[in-house]
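Scope of the values below: all heavy atoms of this structure, side chains included, with no hydrogens, waters or symmetry mates.
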Amino acid sequence: MVRSRDAARRRGWRWVVWAVVAVLLAGAGLGGLVVWQNSYALREEQVSLRHDGAVLKGVLARPDRGDAPFGLVVFVHGDGPIDATHDTFYRPLWESFARAGYASLSFSKPGVGGSQGDWLDQSMADRAEETLAAVAWARHRPDIDGRRIGLWGASQAGWVLPKVAAADRRLQFVIAVSPAVNWLRQGRYNLLAELRRDHASEREQQAALHRRDVTLRLLERGASFDEYRAATGDGDGMTPQRWRFIARNYRADATADLRAMRGTPVLLVLAGHDINVDAAETEAVYRDVLPRASLRVAHYPGATHSLVEHGLERSRWRLTLTAVFAPRKVYIAGFLADQARYVRQVNSGSGTPARP
């Protein structure tokens, strides 16, 4: 995609954090409830991984009960500067996997959360190599069962997960949440969906599409950021670093890697209100490329790209209060339980769909 709105979502989450502080200050008597709701049945360990000359900082979240070795879910982030916990957004998922007997492993992106480097310098292939290094690191841990390691990834991870699974056929499963297949087609879909959401006029839509065509021509001839800015005006928030990142990745397409990972159990999670990714196209490609026996598709018609209930995400105050007082309910109903159920079923070899 040429433009991304994941950054706006993350800014929204940072706004939530500040709003949380205000709520706590205004209602200190509710502090005990907040602490209880934000306590998870996990044992978290700060870990580090040296990869490609840099140190990545992360979290290994193990079940708070049960005997090791545990299975493991390795998290692969979406777009943007995401830390190991995704601003705590991952912890409810980690807890769900822990209830299925699986630990979770997540590293902050380069340049985030103490990790060295710059995530904007990475290609999707770089991200895949980084994930493979995390899997290899985990297989040397005595508390992790190297035969039971799977991947969980969202959004931009759709271009990373298939590369990793194609390279490591020992992976037990892949869970792909709101993934895209083709960067350029996703970008066009996202642009038009946002314009429709914002009730843009026909003239505004045509202007936006023209701007996109100009941007693509610049990318195809390897134009510099200065050339891009000169051609498009204010740059729509683009930075030189972001421009280089897009130039590295705008040709990304997951189809060939999906074919190469055939046979790996996959849970494809799709949302009914996804304006970032064309869920219908993604499902069609996954069903066409992957064997029917290995693919399970879970639909959440009321969810957004982030698997948040559509009405909840549209109300900042409701979202804020839910994030503070009931963080597990930020996700659409049934999603957390379905994630744990799928992992249990793959582990047992039943292969039953997580959701009809």
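Taken together through direct or relayed side-chain contacts under 4.5 Å among Ile, Leu, Val, Met, Phe, Trp and Tyr, Val177 and Ile275 form parts of separate hydrophobic clusters. The hydrophobic clustering, which links ILVMFWY residues whose side-chain heavy atoms are closer than 4.5 Å, places Val346 and Phe70 apart. In the hydrophobic clustering of this structure, Val266 groups with Leu132; members are Ile, Leu, Val, Met, Phe, Trp, Tyr whose side-chain heavy atoms approach within less than 4.5 Å, directly or through other members. Tyr189 and Leu195 are assigned to two separate hydrophobic clusters, defined by single-linkage of ILVMFWY side chains at heavy-atom distances under 4.5 Å.
Atom CD1 of Ile332 and atom NE2 of His310 lie 10.5 Å apart (nearest 0.5 Å). Arg212 CZ to Leu192 CG: the interatomic distance, rounded to the nearest 0.5 Å, is 8.0 Å. Atom OG of Ser155 and atom CG of Asn276 lie 6.0 Å apart (nearest 0.5 Å). Here CD of Glu220 is found 11.0 Å from OG1 of Thr215. Values are rounded to the nearest 0.5 Å. Note that CG of Leu60 and CG of Leu72 are 6.5 Å apart. Values are rounded to the nearest 0.5 Å. Interatomic distance, CZ of Arg229 versus CH2 of Trp243, reported as 12.0 Å (0.5 Å rounding).
Residues that satisfy the side chain to side chain donor-acceptor pair (under 3.5 Å) test with Tyr331, not counting sequence neighbours, are absent from this structure. Judged as a side chain to side chain donor-acceptor pair (under 3.5 Å), and not counting sequence neighbours, Gln46 has no contacts. Among residues two or more places apart in sequence or in another chain, the side chain to side chain donor-acceptor pair (under 3.5 Å) test is passed with Glu281 by Arg185.
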- Run the side-chain contact (heavy atoms from CB on, under 4.5 Å) check on Val135 and Leu151 step by step: do they pass? CA-CA 9 Å; Val135 171; Leu151 306 177; 4.2 Å; yes
- Task: For the pair Tyr300 and Phe335, evaluate side-chain contact (heavy atoms from CB on, under 4.5 Å) and give the outcome as yes or no after the intermediate values.
- Result: CA-CA 8 Å; Tyr300 298 86; Phe335 173 67; 4.1 Å; yes
- Any chance you could lay out the side-chain contact (heavy atoms from CB on, under 4.5 Å) test for Glu204 and Asp198, step after step, and finish with the verdict? CA-CA 11 Å; Glu204 289 171 326; Asp198 298 338; over 6 Å; no
- Task: Take Ile175 and Leu161 through the side-chain contact (heavy atoms from CB on, under 4.5 Å) test and state the conclusion after the steps.
- Result: CA-CA 9 Å; Ile175 299 176; Leu161 299 169; over 6 Å; no
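Ion pairing between Arg242 and Asp79 holds under the 4.0 Å rule for side-chain N and carboxylate O. Looking at Glu95 and Arg91, no side-chain N of the basic residue comes within less than 4.0 Å of a carboxylate O on the acidic one, giving no salt bridge. Comment: Asp168 engages Arg139 in a salt bridge, judged by a side-chain N to carboxylate O separation of less than 4.0 angstrom.
Ser108 contributes a side-chain N or O that, together with a main-chain N or O of Ala84, makes up a donor-acceptor pair within less than 3.5 Å. Not a single donor-acceptor pair under 3.5 Å links the side chain of Asn190 to the backbone N or O of Val277. Remark: the backbone N or O of Leu209 is not paired with any side-chain donor or acceptor of Arg188 at under 3.5 angstrom. Of the possible donor and acceptor atoms, one in the side chain of Gln116 sits under 3.5 Å from a partner among the backbone N and O of Val55. Under a 3.5 Å cut-off, the side chain of Asp338 and the backbone N or O of Tyr342 do not form any donor-acceptor pair. At least one donor-acceptor pair under 3.5 Å links the side chain of Arg344 to the backbone N or O of Arg99. Asn249 contributes a side-chain N or O that, together with a main-chain N or O of Met124, makes up a donor-acceptor pair within less than 3.5 Å. Side-chain N or O atoms of Thr322 include none that pairs as donor or acceptor with a backbone N or O of Lys329 at under 3.5 Å. Using modelled atom types, no side-chain atom of Glu283 and backbone atom of Ala280 make a donor-acceptor pair closer than 3.5 Å.
There is no side-chain donor-acceptor pair under 3.5 Å between Gln345 and Arg296. No hydrogens or angles considered: a donor-acceptor pair under 3.5 Å links the side chains of Asp253 and Thr255. Side-chain contact, His273 with Glu313: no donor N or O sits under 3.5 Å from an acceptor N or O.
Exactly one residue among Phe107, Phe89, Tyr90, Trp119 makes a ring pair (Phe, Tyr, Trp, His ring centres under 6.0 Å) with His77. That residue is Tyr90. Only one option out of Leu258, Leu290, Asp278 pairs with Val285 in a side-chain contact (heavy atoms from CB on, under 4.5 Å); it is Leu258.
Taking every heavy atom of both residues into account, His299 and Val297 meet most closely at NE2-CG1, 3.5 Å. Shortest non-hydrogen contact noted between Gly101 and Pro63 is C-CG, 4.3 Å. Among all heavy-atom pairs drawn from Ala180 and Ala254, the shortest one is O-CB, 4.4 Å. Closest of all the heavy-atom pairs between Gln172 and Arg147 is CB-O, 4.2 Å. In plain terms, the two heavy atoms of Ala100 and Ala340 that are nearest each other are CB-O, 3.8 Å. Scanning all heavy atoms of the two residues, the minimum distance from Trp159 to Ala252 falls at NE1-O, 3.7 Å.
Residues Val343 and Trp152 are not in side-chain contact: their nearest non-hydrogen atoms beyond the backbone lie 4.5 Å or more apart. Between Val76 and Glu130 there is no side-chain heavy-atom pair separated by less than 4.5 Å. Using a 4.5 Å heavy-atom threshold, the side chains of Val59 and Val47 count as separate. In this structure, the side chains of Leu268 and Pro179 come closer than 4.5 Å at one or more pairs of heavy atoms. A heavy-atom distance below 4.5 Å is found between the side chains of Gln339 and Val269. Residues Tyr286 and Val181 are in side-chain contact: their nearest non-hydrogen atoms beyond the backbone lie under 4.5 Å apart. Between Met238 and Ile246 there is a side-chain heavy-atom pair separated by less than 4.5 Å. For the pair Gln122/Asp52, no side-chain contact is recorded, criterion being any heavy-atom separation below 4.5 Å from C-beta on.
Other residues, nucleotides and ligands place more than 12 heavy atoms under 6.0 Å from the CZ atom of Arg169. Other residues, nucleotides and ligands contribute over 12 non-hydrogen atoms within 6.0 Å of the CZ atom of Arg43. Other residues, nucleotides and ligands place more than 12 heavy atoms under 6.0 Å from the CZ atom of Arg221. More than 12 heavy atoms of other residues, nucleotides or ligands sit less than 6.0 Å from atom CG of Asp226.
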